[in-house]
Every structure is written in C-alpha cells, then in structure tokens.
Amino acid sequence: MTGMFETVLVANRGEIAVRVIRTLRAMGIRSVAVHSDADAGALHTRLADVAVPIGPAPAAQSYLSIERVLEAAARTGAQAIHPGYGFLSENVEFARACEEAGVVFIGPPVAAIEAMADKIRAKQTVVAAGVPVVPGRTEPGMTDAQVADAAVAVGFPALLKPSAGGGGKGMRVVRSEDELPDAIAAARREARGSFGDDTLLVERYIGTSRHIEVQVLGDAHGNVIHLGERECSLQRRHQKVIEEAPSPLLDTSMRASMGRAAVEAARAVGYTGAGTVEFIVDADRTARGQDMAFFFLEMNTRLQVEHPVTEAITGLDLVELQIRIAAGERLPIDQSDVSLDGHAIEVRLYAEDPARGFLPQAGTVLGLVEPDGPGIRVDSSLVVGGVVGTDYDPMLAKVIAWAPTRETARARLVAALEHTAVLGVTTNAGFLWELLRDPDVVAGSLDTGLIERRGEALTRPEPPPAEVYAAAALALLAEAEPTGAVVDRWDVPDGWRLGEPAWTVRRLQAGGGDPVTVRVRGRSADAEVAVGDGEPQRASATRNGERLTVTLDGLTSSYAVVHAGGTVWLAAGGRVAALREHERLASAAGAHAADGVVTSPMPGTVTVVQAKVGDEVAAGTPLLVVEAMKMEHVLTAPVAGTVAELDVTAGQTVALDERLALVTPAAEPEDQET
C-alpha cells in the first residue's frame, strides 16, 4: 500500500489500546475501538473516534473472534488493523484473514509470523542464520512420552514451553522425573487454553539467567535495524515485572554483537514492522568473569509491553513507525542514526495481591492517583468507576521513568510509585516499590531468579500504622457530620453529652488481621483520637472530595480516601489500606479457618474438577483448578479425609473466598485397651 491510512481499527483493549489510539490521534488518523460487553464504556472506547461492540465478555467470543473484528473493520471503513499485543497480535490466521479481506495488518507478513510464532520452527530458522540457541529438543508433535524422554536427556531442571504463544503462559520448570506427568498435563492444558495449541518443546533450564531482548525494525524495502536492548531479568513465573533500557550488563561491544544477531534473525524471515528478538544470558558465567554467552530464546512478532523504555531512550514512537511501515513507507533512519540517550525503567501495575501469592484481584476503581513530573510517563486504562474483572490479563497500567542516569531513573520511579494508588482494587504497587529498593536491583545485579529468592521479604504484608487507623476514623467522622446549619444538637456525631463528651468507638480491620479499636470524640476539625491501647492524641481532619488532610499530634499528612461498601480505602506514600468496619463483616468469615474447608483464593472460573463427593483423599491431594486472568491455581485437600462437599463444575464462575469444597477429617484411631 502507498499513502497513509485514514482509519485504523485497534483490535485490543486496556492500556495498549489507549496508547495506540493516542498515537493515531497525533497522526491525524481516525481511530476505531472494539470492545466486549464487559468493556462497554472503558477508557479506550471513550478516546477512540468510533467504538464498536464485538461480543460478550469471554475473549474467545469477542477480542479473539477474527470474524467479529473484521466485521467491525468493514462496518467502520478501517483500512488497517493494529493488534496491540496479546489476543490476535501473533495469530497467523488473523493476519491471513486480514490479507484476504483487503485490510492491512499492522505487523509482519504471514510468513514471518508462521516462522517465529512456532518456537520449534523459530529455533531452526535462527540456527540456520548462525544465531546461538539454548540446547534442547524442538521436534514438532512430540507425545507426552517423547517430551518426558527429552527432559531426561536435557537434564534436570528442564523447561517445558508451549511452541505457540508467549508471555510465560504454560511454561513449567521440572526438577525431577516424577514431576513430569503432572507438569506436562498442566503445560498442555494451559497452552491449549491460551493459544489453542498444546504442542510442547523442551529446553535446558538456565536457572540463574539474565533476560535481554533487542528491539528491531524492518521495512518492506529490505532495511532492518535495531534500537538497542532492554533488560527484562526481573521476572516472576516467567512473566516480566520490571524492564529497563539499556541493560546495565552490556558494554558497547556486546550490545553490537547482540544487535547484529537480532538483525540477522529478523532478516532470516523477511521481517517488517516492529519486533523483538529475545536472548537469555548465563548469569552465573558472567558473574564468574567468563566471556558472556547469550542464546536466542524467541522472537515476538509484535509490539512488546515494555516498548516505552526504548521510546524513552531513542526519542522514537514505535507505534507511529509500525503504522508508517505498514503503509509502505521506508524507515526514516538507518543504524548509524540510532543513539541511546539516558536510562529508562518501567514497572507493570497489576490487579493482584502479593501477600496472597500474587493471586489476581477484581473490583471497582473507587479512587485513582497517578503520578506525573519530570521524566515520568504513565500508560494506563484506569478510570474511576471502571470495573476490573477476571476475564482478561490483570495488568492495569505501566509507570515509566526516564533520567540521564540509571540511578536517577530508579529514584524517580520509586518516587512516582509513592504517588500511585488504585482505591477499590488490590494491586502490586507496594511490591514494586520494595523491589526497586532492593540492594541488587539498585546495583543492577539482576537475574530471573531474584524475586523468588527474596520471597516474603518483598511480599510480607505490613499492617497499617496507627495513624492510618486514626485517619480512617476521622474520615468516617467527617463524613457523618452535617454540612449545613445544625438544627438538632444530637445530629452532630461528636460524642457530646451533658458533662464530659463520650467516645465513639469503631472497630476497623485490615485484611486478615485482628480488628483494631479506634476511639474518637469531638468534631473532625478539633478531635481526640486513641488507637488501640494508645493514649488519646489531639487531631484534626479536613476533607475536600477524595482528599483527606489529617493533623495528628502536630504532624500533617494527606490521603486519598474513599468509603464504600463498609470499607474505608486510604492511600498515601504509595501504600493503600482497606479498612473494613468490623461490625459489617460477614458472619461466615470464621468458616475459612474451619478444618477441611476449601475456598477460592481468587475470583475466577473452575476449569478442572479432579475429585468427587465420597473420595478418600490425603492432605495435599488436588481437588480442582480455578483459573483467572490467564493464571491457574490448583486447590488441594487441606486435611486427610473424605470429600463431603464439592458442588462446583468445570466452567462455573466463583467469587473470592467462596466455599467450594469440604473435606471431613479422617477420624483419629482409638487407643486399644491392653
């Protein structure tokens, strides 16, 4: 095609759809958003020039429906489709369908997607181009027995990987032969659910490794360049958490070597558009001062989540370049024009609870605080009133910081997270703040196992300090006070009595902690507050919308605050506390501690039921699998005994903490008389 597009459809949702739409607007191109029923009114639908409904909440019936996306394109006259990342972005059938429909797919040609989407074929292709790969077995169509044999041959620990897809979905690290049957079954099931293809390959697992990827660009005129690398070593369960550019590991010579290898890999498949060639580096080898060894991992034939850090250090808009290349234009720069300026770091904000094993969370956004300032960028789809459900990936937003040096960029990002808060939905913001302050992260000594090694040091929940409980009680007091003239003195909730004012007592509870008693008396502008067994302190509070300013014992603090559903949400310094009024707690809460009760650790969908009522089970026996936001959680028997209740079926939707099963403990054997 020659000439720029007039209308482009964005076949995605969330922050990436918002990000693409902003570039389309800057280019003067009419944008079309598509949305499921669950996303009606979402931010990307509000920002686009046109929004088209394409089906119900399940992605398979909306965002993954090639037919419905192309119908939306035809209906709105879109000449091209930008797929973002995830969903249909690397789906070769979608790219082919676009071609047949006469709509430009803003991505690489079908042949390149076919070559790189299949990890088996991808490794064969880059080996032919002289690019080093991780040892393993990559034959297509391996049976379970062949996969197991390959893992034994490679040696433990071994890595099982779906041949289709990416993002860590379906990957399993296997550390012994007896783990193989369950790991293979789980990997195939998750790969089938995420990508519709359960083909597996086996690789040597390089446990202490660094994950470095190179951004490439190619046009339809034979030009291919790279834009430097990104370090993505800070990962959890094979999913990236923090990314930065450039890598603190590479020197100029190694950067050039990896860049050349990435360009050769792209050339090998006739690549056009923006893509990323991912490499793995043996961190143990580099730590010993040996020559750095890097291996091709995979190529992502799409835009990456972490593309903003490359944009920050190159000054280029990768989405704009994607669009221009798809419209037939030549790359406006060559390799000699690429320069890397400063340093950028990105964190991914997820709806998940680090203190509960990073389980996905859901809820309504009741309040929102997003950072700004020098070098700070936020890519987000969050809006107050928006619903965060369990149908899609739990990533909510990305916060990016740029500065002339790595340390300044890191410090800016730490400060930005202190001004980031989502009220109404639990997020990983506090975990990210802790991780950025880890001594090894500060030093740039990174590897893919760092987060797991830190364990609870990064995720241990900290109970809110006393001043947060005091602020919550003052917020409730201010909310209850009359706003106009006082007609009846008893309408003022200040504890006034004939004689000494009485205390108003509230019991507030954070998470699964014990309730804390807070006593308050007086008006919010002139009060006394006592938390727990503490002495009363002079306090005052003023509330302006969702901002609460509290002075406690002479120290003034500011909070974002929302009260809804019996819970007071407060945010300050990057920390969010959800304090529930104890008298409103469900009486069934005690059931969670009952022997044998199995509850859902997250809102989601039951995908597998592995037991039935009447089964005799040992403690730890898998009972069922709950999936939410592309993540599986196996629920096991908490005690040995008999399955007395199991009333859910595969496909059933369940809520957070919903009772799913009951195992009646086995009776203790009676002592025999002698």
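- Considering every non-hydrogen atom in both I242 and I345, the closest pair reads CG2-CG2, 3.6 Å.
- Atom CZ of R204 has 12 or fewer neighbouring heavy atoms from other residues, nucleotides or ligands inside a 6.0 Å radius.
- By the 4.5 Å heavy-atom criterion applied to side chains, I29 and T7 are not counted as neighbours.
- I113 places a side-chain heavy atom less than 4.5 Å from the side chain of F105.
- At least one side-chain heavy atom of L227 sits less than 4.5 Å from a side-chain heavy atom of L217.
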Take H211 and L234, measure what side-chain contact (heavy atoms from CB on, under 4.5 Å) needs, and give me the verdict at the end. CA-CA 8 Å; H211 185 122; L234 291 174; over 6 Å; no
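- Of all non-hydrogen atoms in N12 and F87, the two that sit nearest each other are OD1-CD1, 3.4 Å.
- Just one of R230, K240, R210 meets the salt bridge (charged side-chain N to carboxylate O under 4.0 Å, His left out) condition when paired with E278; it is K240.
- In this structure the side chain of V8 never reaches within 4.5 angstrom of the side chain of M27, judged on heavy atoms.
- Atoms CG and CE, on N428 and M395 in that order, are 11.0 Å from each other to the nearest 0.5 Å.
- A donor-acceptor pair under 3.5 Å links the side-chain atoms of Q335 to the main chain of H226, judged by distance alone.
- Between the side chains of T23 and R19, a donor-acceptor pair is found at a separation under 3.5 Å.
- Residues Y350 and F358 are not in side-chain contact: their nearest non-hydrogen atoms beyond the backbone lie 4.5 Å or more apart.
- A side-chain N or O of T301 and one of E90 form a donor-acceptor pair less than 3.5 Å apart.
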Do R237 and E452 pass the salt bridge (Lys or Arg N to Asp or Glu O under 4.0 Å) test, and can you show the C-alpha distance, the side-chain angles, and the key distance before you say yes or no? CA-CA 9 Å; R237 297 176 184 165; E452 270 72 14; 5.8 Å; no
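- Under the 3.5 Å distance criterion, the side-chain polar atoms of D447 are matched with a main-chain donor or acceptor of L450.
- In the displayed structure, E99 atom CD is contacted under 6.0 Å by at most 12 heavy atoms of other residues, nucleotides or ligands.
- Side chain of S257 to backbone of S253: a donor-acceptor contact under 3.5 angstrom is found.
- A donor-acceptor pair is defined here as one N or O able to donate and one able to accept, closer than 3.5 Å; such a pair exists between the side chain of E229 and the backbone of S247.
- Under the 3.5 Å distance criterion, with hydrogens and angles disregarded, a donor-acceptor pair is assigned to the side chains of H82 and Q322.
- Remark: R348 engages E306 in a salt bridge, criterion side-chain N to carboxylate O under 4.0 Å.
- Using a 3.5 Å distance cut-off with no hydrogens or angles, the side chains of E231 and S233 do pair a donor with an acceptor.
- Rounded to the nearest 0.5 angstrom, M116 CE and Y271 OH are separated by 9.0 Å.
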Taking it one step at a time, do L413 and V399 satisfy side-chain contact (heavy atoms from CB on, under 4.5 Å)? CA-CA 8 Å; L413 191 50; V399 183; 3.7 Å; yes
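- The pair R454-D438 meets the salt-bridge criterion, since a charged nitrogen lies less than 4.0 angstrom from a carboxylate oxygen.
- Using a distance-only test at 3.5 Å, with no hydrogens or angles considered, a donor-acceptor pair links the side chain of H44 to the main chain of V34.
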Going through the distances and angles, do I225 and V263 end up as a side-chain contact (heavy atoms from CB on, under 4.5 Å)? CA-CA 6 Å; I225 64 173; V263 167; 5.7 Å; no
Take R188 and D144, measure what salt bridge (Lys or Arg N to Asp or Glu O under 4.0 Å) needs, and give me the verdict at the end. CA-CA 10 Å; R188 288 202 193 276; D144 286 1; 2.6 Å; yes
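- In terms of heavy atoms, Q124 sits closest to T138 at NE2-O, 4.4 Å.
- Between the CG atom of L24 and the CD atom of E320 there is a distance of 10.0 Å, given to the nearest 0.5 Å.
- A side-chain N or O of H343 and one of E244 form a donor-acceptor pair less than 3.5 Å apart.
- The shortest heavy-atom contact between M299 and A266 is CE-CB, 4.2 Å.
- No salt bridge links E298 with K123; every basic N to acidic carboxylate O contact stays at or beyond 4.0 Å.
- Side chains of S62 and S65: no donor on one and acceptor on the other come within 3.5 Å.
- H238 contributes no side-chain N or O that, together with a main-chain N or O of V173, makes up a donor-acceptor pair within less than 3.5 Å.
- Residue L340 comes nearest to G228 through the heavy atom pair CD1-CA, 4.4 Å, listed as atom of the first residue, atom of the second, then distance.
- Residues R137 and M142 meet the side-chain proximity criterion, which asks for heavy atoms closer than 4.5 Å.
- Here the side chains of V133 and F295 are not in contact, with every heavy-atom distance at 4.5 Å or above.
- Using modelled atom types, no side-chain atom of D182 and backbone atom of E179 make a donor-acceptor pair closer than 3.5 Å.
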Given the rule in the side-chain contact (heavy atoms from CB on, under 4.5 Å) test, do F94 and V69 qualify, once you have shown the distances and angles that lead to the verdict? CA-CA 9 Å; F94 179 58; V69 170; 3.9 Å; yes
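- Taking CG from N91 and SG from C98, the interatomic distance works out to 9.5 Å, rounded to the nearest 0.5 Å.
- The closest donor-acceptor contact from the side chain of Q79 to the backbone of E6 lies under 3.5 Å.
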Which is it for E71 and R68 under the salt bridge (Lys or Arg N to Asp or Glu O under 4.0 Å) test, yes or no, and what are the steps along the way? CA-CA 5 Å; E71 284 175 355; R68 291 179 179 177; 5.7 Å; no
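- For Y392 and Y63, the ring centers sit closer than 6.0 Å to each other.
- Not a single donor-acceptor pair under 3.5 Å links the side chain of T408 to the backbone N or O of T405.
- Separating the CD1 atom in I184 from the CD atom in Q146 is a distance of 11.0 Å, to the nearest 0.5 Å.
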Does D219 form a salt bridge (Lys or Arg N to Asp or Glu O under 4.0 Å) with R324? I'd like the steps, not just the answer. CA-CA 9 Å; D219 64 23; R324 292 193 179 282; over 6 Å; no
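- The structure places CG of L396 at 13.0 Å from CG of D379, a figure rounded to the nearest 0.5 Å.
- In this structure, the side chain of E329 does not engage the main chain of I325 through any donor-acceptor pair within 3.5 Å.
- A 4.5 Å side-chain heavy-atom check between R255 and D251 finds every atom pair outside the cut-off.
- With a 6.0 Å radius and a threshold of 12 heavy atoms from other residues, nucleotides or ligands, R22 has its CZ atom at or below the threshold.
- For the residue pair R302/Q304, the side-chain donor-acceptor check at 3.5 Å is satisfied.
- For the pair G222 and R267, the tightest heavy-atom approach, listed with the atom from each and the gap, is O-NH1, 3.3 Å.
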